[in-house]
Amino acid sequence: MSFAAAPMVPGDLFDSAARFAAAYDTRLARLASLEERAELLEEAWRELTALGWPSVAIPEAAGGAGGGLGDVAALVEGAACSAAALPLASVIGVGPILLAGAGDAGRPLLAGIAAGTHRVAAGIAPIHTSSAGSPMTAQWVGDVPRLSGGMIGIECPPDATHVLVGCTVEGEAVMLLLSSNDERAAFRHHERIDCRPTLDIQFGEARLLKGTILARGRDVGGAIERATQVGAFLTCVEAVAAMGALLGQTIRYLNERVQFDAPLSTFQVLRHKVADLYVVYGNLRAMVMDLLDRIASPSAWPERGLDLAKLHIGAASRRFAAATIQLHGGMGMTEELLASRLAKRLLMVEFEYGGAAFHEARLMARGDRPDAAA
Amino acid sequence: MDTSDSLAIDYEAFRNEVRDFAMTHCPAELRQAVVGLKKLGRHEMLSWQTILYANGWGAPNWPKEYGGTGWDLRRRHIFDETMAECDCPTQPYQALRHIAPVLIEFGTHDQKALYLPPMLRGEVHWCQGYSEPGAGSDLASLKTSAVREGDEYVVNGQKIWTTGAHEADMMYALVRTSRGTRKQDGITMLLIPMNSAGLTVRPIRTIDGLHNVNEVFFDNVRVPVANRIGEEGKAWAYGKFLLSHERLGGANVAPLIRLLARTRRMVAEEYRDEPGSSHYADLVRRILHAEAEIQGVRALGRHAIEDIVHKRPLGTVSSVIKLLSSNLMQTLDEIGLDAVGRRVAGRFRAVGDERTNAGEQGVEWLHNFLHGRARTIYGGSSEVQKNLLAKSLFGA
């Protein structure tokens, strides 16, 4: 029997998400029109809301299920096996962690998310600010934040009701909440390379955003930092899940495809390339599982480990995607293949929650100090 | 053996005990040699072995009845990891970890009594006679013959790449005593004194310029039948037993972690006066990526040990660990080469001073790079490991 990836976080949540994502992926793959795809994603979001996924990581006191990061990871992993074009990690994982930094002020929003009445996109500076073009800057005008420039590529649930912005205004961490139709900002939607919906916000030259401050201060700063790291970690979870699924697809293809009168899987050079991919996958899978254990334990949060993982997994994902495209015959890799969608998901990994330069800078700033629990 | 009392064991206390012992009992000059990537030979290995033996830790992987510690797998792993973290020399692994488990499983009472105690005390140095000019990865093609004459075997042939043969007292060798339908049949294991008449050791100067390995020639070497392990012609099974016994040798990533730390320190020192250079930034970046990968392989090792403890199937993880560990060692070797190469590559050997471990400061990183090329060959080459993985992945 040939390879089948084993889940890192097995259980009902993983199984449920894997089935859900596979079913929608099949339907989404048939649609070329962006409008039709957006409609299908909206339907998918309604269904997953009915299943209670957005409330998984929200505390019971706020109407949520009171689950942990492991539960979010299970859902995210299951969905990533089919390269789900849904911003699960950012909306159900990162968003609630960011909102936790707002204390009581964030509670109504958390309750709204749990009840399914609020759909919140979470933007974090500097993750979603671009150094090119017009990066976002912020100043105080009295007690009112004045924002210039913009944020780009914020993962966005279908028909988002709000945008949460975690940023720094003159050195102070601030959490802003904008309605998705706030006229003081211009919103523009895109589809990412891996088909997920994203949002750009442009504040123009200098926009006073009165009434948008949800919270400010040290707790907000801590929440922004924690949300960034959780976003990076969940991206790693998705990357490993996508690699496992893509490896399975590639092996199946090589076993079935015949060239020179023999299955491709009988050629040693291809067998060794696949073995190389499996070694990369095995290493990253163990790394992510270890991080999940360390995150769940009461000992020190593995900051260095998370930065290292995200730094490495971005480049590794790109190489993995490129190698599997080659193994599938390169130019024969069409959009209708799940393998192509998994490969595109992997190509996106490098650019989420901090690229190589971002995490490298953090590691350099922290110096050569290992995590306490490593 | 691994599960019955494991709940009662305080593994962290054990780790501290090992660390304290290593730091207080391992001679500074030995640790310094390890830190400096110096070549270690018989004297260094055996002197450390005698110290461990005196503390009752001579054989971490042997059962108590033979003088071993009787430790469970977790403690053995902690011991290996901690010793490496403390820059202690490796124990004489060919004796303690390779031939001893085979002797314990398949040897006679007399053989165990004769050979095991001196190994434990660090009195006898062993080497392994497996590879031949025509039998490396394809070991079953070996041709060195042993013909029985009365109570002796007469051995003729050649072994090659024999690590430490020039310093060894004894060799455990695979020889061919017959030809069966499968080439794995008819292979026998003999224990051969290195001072036997007709046995010649010739040094091989390896790519690093040092004398690590040898050719060993057998010209009518007479070996008592009493020196045969187990049955005649059945040694392939003993080799497989050994592989299963040591299948997680690579799970100890402490040497990797130590090499990572040394590489990082060396690069920082080498570029102390040019911290803003692009070359330095590139080296640091590569070290970070290596550290990330080591984080993964360390977790793989831990998971694998737990799998063994809980009697879960291991699958192909030992191949994955071997590939990762050997590649990572080479990655770090390469970073070392890139860091010091511009300064010492042109001064590889000092004319007039050919002593081992002599030479320009930093030249050990060149030796390490060159010697380290073999990491992806010995212990099951990368190509063989990939064949094993592919067979499992493709189902055929």
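Just the heavy atoms: all of them, side chains too, but no hydrogens, waters or symmetry mates, feed the values below. By convention in this document, chain letters (A, B, ...) are assigned in the order of the sequence lines, proteins followed by strands, and residues within each chain are numbered from 1.
Residues B:Lys386 and A:Asp276 meet the side-chain proximity criterion, which asks for heavy atoms closer than 4.5 Å.
B:Thr316 touches chain A through its side chain: at least one heavy atom from C-beta onward sits under 4.5 Å away, while N, CA, C and O do not. Both the backbone and the side chain of A:Leu311 come within contact range of chain B, with heavy atoms under 4.5 Å apart. For B:Gln385, no part lies under 4.5 angstrom from a heavy atom of chain A. With a threshold of 4.5 angstrom between heavy atoms, B:Leu393 approaches chain A through its backbone and through its side chain. Heavy atoms of B:Ala268 lying under 4.5 Å from chain A are absent altogether. Both the backbone and the side chain of B:Asn387 come within contact range of chain A, with heavy atoms under 4.5 Å apart. The contact between B:His289 and chain A is made by backbone and side chain atoms together, counting heavy-atom distances below 4.5 Å.
Judged by distance alone, the side chains of A:Lys310 and A:Thr235 never bring a donor and an acceptor atom under 3.5 Å apart. Of the N and O atoms on the side chains of A:Glu225 and A:Gln229, at least one donor lies less than 3.5 Å from an acceptor on the other residue.
Ring planes of A:Phe267 and A:Phe260: perpendicular class, angle over 60° (limits at 30 and 60°).
Looking only at heavy-atom pairs under 4.5 Å with chain A, the residue among B:Val320, B:Leu389, B:Leu324 that has the most is B:Leu324. Across A:Leu254, A:Val274, A:Asp290, A:Asn283, the residue that shares the most heavy-atom pairs under 4.5 angstrom with chain B is A:Asn283.
Here B:Trp161 and B:Tyr378 keep their ring centres 6.0 angstrom or further from each other.
A salt bridge between A:Arg341 and A:Asp194 is absent, with no side-chain N of the basic residue lying under 4.0 Å from a carboxylate O of the acidic one.
Under a cutoff of 6.0 Å and an axis angle of 45°, B:Arg373 and B:Phe369 form a cation-pi pair.
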